[in-house]
Amino acid sequence: MGFTALSRLAETAGLPEADAESELIDLAVAGLVTRVPGEFGGWGLTEAGRAADAERISAELDAAGARAAVTQAFDGFLVLNPELLDLCTAWQLRPVDGVATMNDHTDAAYDARVLDRFVEFDQRADVVCTALSRAMPRFGRYRSRLTDALTRARSGELDYLTDGMASYHAVWFQLHEDLLVTLGIPRG
């Protein structure tokens with residue numbers, strides 16, 4: 001998540017803000033996280049924190065005996081990933097007279113078709129999310145966050161598809177990053 005506000009971290013971790021802040025302070029004392037003040041600041045991992053996180057996650061994966069299952073689910077994720085990127089592009093741009101134009105969301109029929117495609121995509125993504133949750137329960141938070149984003153978009157909060165840190169796209173990206181770290185795959 002990069003540098004992120006306390007409220008966002010607490011929400012993502014499913015913790016009350018006071019508990020999340022207490023954990024972050026302990027991690028800061030250990031040199032694993034740092035806090036940058038200001039509008040674009042927040043809490044973020046240090047290099048030592050990234051290394052410790054990678055070690056912890058690798059040990060968790062091995063202790064759960066879940067490497068094969070997570071690798072298989074990641075393969076399924078990789079099949080779906082280009083489709084999600086195409087859906088995000090379709091949501092942000094729409095063809096007007098054969099030219100890709102910023103989607104101003106005034107064409108309700110176009111938006112409804114793209115939103116329907118997100119719903120269909122989400123049904124296929126559920127297979128990957130379910131496999132990941134079975135292998136390692138901590139992955140279950142992504143399923144609930146994706147569901148929340150899609151539900152909110154379907155109820156008219158259109159930013160929940162591609163804009164903002166709680167959007168479907170952002171949660172999918174965070175899942176991708178988590179899978180890479182979990183499997184020890186460098187971002188290429």
Legend entry - Side chains of Arg143 and Thr147, donor plus acceptor under 3.5 Å: yes
Legend entry - Any side-chain heavy-atom pair of Ile25 and Glu21 under 4.5 Å: yes
Inset, instruction - Please check if the side chain of Asn103 supplies one atom and the backbone of Arg94 the other of a donor-acceptor pair under 3.5 Å. - result: no
Legend entry - Cluster overlap Phe139 with Leu180, hydrophobic side-chain contacts below 4.5 Å: yes
Inset, instruction - Determine whether Ile185 and Leu132 fall in the same hydrophobic cluster, where Ile, Leu, Val, Met, Phe, Trp and Tyr are linked whenever their side-chain heavy atoms lie under 4.5 Å apart. - result: yes
Inset, instruction - Look up atom CZ in Phe173 and atom NE2 in His176, then write down how far apart they are to the nearest 0.5 Å. - result: 8.0 Å
Inset, instruction - Indicate if Met136 and Leu78 have the same hydrophobic cluster label, given that clusters are the connected sets of ILVMFWY residues with side-chain heavy-atom separations under 4.5 angstrom. - result: yes
Inset, instruction - Run the numbers on Trp43 and Thr4 for side-chain contact (heavy atoms from CB on, under 4.5 Å), then give the verdict. - result: CA-CA 5 Å; Trp43 292 92; Thr4 307; 5.9 Å; no
Legend entry - Distance, nearest 0.5 Å, that separates CD of Glu83 from SG of Cys88: 10.5 Å
Inset, instruction - Drop me the distance from Glu157's CD to Asp148's CG, to the nearest 0.5 angstrom. - result: 8.5 Å
Inset, instruction - Would you check, one step at a time, whether the test salt bridge (charged side-chain N to carboxylate O under 4.0 Å, His left out) holds for Glu120 with Arg117? - result: CA-CA 5 Å; Glu120 292 167 4; Arg117 289 176 53 206; over 6 Å; no
Inset, instruction - Locate the shortest heavy-atom distance separating Glu17 from Ser7; write the atom from each residue and the value. - result: OE2-CB, 3.3 Å
Inset, instruction - Look at the side chain of Tyr110 and the backbone N and O of Ala90, then say whether any donor-acceptor pair between them is shorter than 3.5 Å. - result: yes
Inset, instruction - Quick one: do Leu85 and His169 satisfy side-chain contact (heavy atoms from CB on, under 4.5 Å)? Show the steps, please. - result: CA-CA 8 Å; Leu85 297 177; His169 177 252; 4.0 Å; yes
Legend entry - Pair Trp172 + Phe77: ring centers closer than 6.0 Å: yes
Inset, instruction - For Glu11 and Arg145, run salt bridge (charged side-chain N to carboxylate O under 4.0 Å, His left out): C-alpha distance rounded to whole Å, both residues' side-chain angles, the deciding distance at 0.1 Å, then the answer. - result: CA-CA 10 Å; Glu11 180 183 334; Arg145 291 176 63 214; 6.0 Å; no
Inset, instruction - For Thr130 and Val127, indicate whether the former's side chain and the latter's backbone hold a donor-acceptor pair under 3.5 Å. - result: no
Inset, instruction - Following the transitive rule for hydrophobic clusters with a side-chain heavy-atom cut-off under 4.5 Å over Ile, Leu, Val, Met, Phe, Trp and Tyr, establish whether Leu115 and Leu93 coincide in one cluster. - result: no
Inset, instruction - Identify the two heavy atoms, one from Gly140 and one from Ser133, that lie closest to each other, and give their separation to 0.1 Å. - result: CA-OG, 3.1 Å
Legend entry - ILVMFWY cluster, Val128 and Leu150 together (side-chain gap under 4.5 Å): yes
Inset, instruction - Determine whether Leu61 and Leu183 make a side-chain contact, defined as any pair of heavy atoms from C-beta on separated by less than 4.5 Å. - result: yes
Inset, instruction - Would you sort out whether Asp122 and Arg154 count as a salt bridge (charged side-chain N to carboxylate O under 4.0 Å, His left out), showing the intermediate values? - result: CA-CA 12 Å; Asp122 186 67; Arg154 292 179 75 192; over 6 Å; no
Inset, instruction - Identify the two heavy atoms, one from Leu80 and one from Ala125, that lie closest to each other, and give their separation to 0.1 Å. - result: CD1-CA, 3.7 Å
Legend entry - Smallest separation among heavy atoms of Leu6 and Ala20, with atom names: CD1-CB, 4.0 Å
Inset, instruction - Classify the side-chain pair Trp91/Asp111 by whether it contains a donor and acceptor separated by less than 3.5 Å. - result: no
Legend entry - Summary of side-chain hydrogen bond (donor to acceptor under 3.5 Å, both in side chains) pairs that have at least one residue in residues 48-61, sequence neighbours excluded: Asp53-Arg56, Glu60-Arg138
Inset, instruction - May I have the step-by-step check of side-chain contact (heavy atoms from CB on, under 4.5 Å) for Tyr168 and Tyr160, ending in yes or no? - result: CA-CA 6 Å; Tyr168 197 98; Tyr160 277 87; over 6 Å; no
Inset, instruction - Applying side chain to side chain contact (heavy atoms under 4.5 Å, CB included), name anything that partners Asp163, two or more places apart in sequence or on another chain. - result: Gln92, Asp159
Inset, instruction - Check for a donor-acceptor pair, side chain of Thr46 on one end and backbone N or O of Leu32 on the other, with a separation under 3.5 Å. - result: yes
Inset, instruction - Specify the closest pair of heavy atoms between Ala54 and Val181, including all atoms of both residues, with the distance to one decimal. - result: CA-CG1, 4.4 Å
Inset, instruction - Find the distance between CG (Leu84) and CZ (Arg124) and round it off to the nearest 0.5 Å. - result: 10.5 Å
Legend entry - Distance in Å, Leu24 CG paired with Leu9 CG, rounded so as to fall on 0.5 Å steps: 6.0 Å
Legend entry - Separation of Leu146 CG from Arg141 CZ (nearest 0.5 Å): 11.5 Å
Inset, instruction - Of all the heavy-atom pairs spanning Leu175 and Cys129, show the shortest one and how long it is. - result: CD2-SG, 4.5 Å
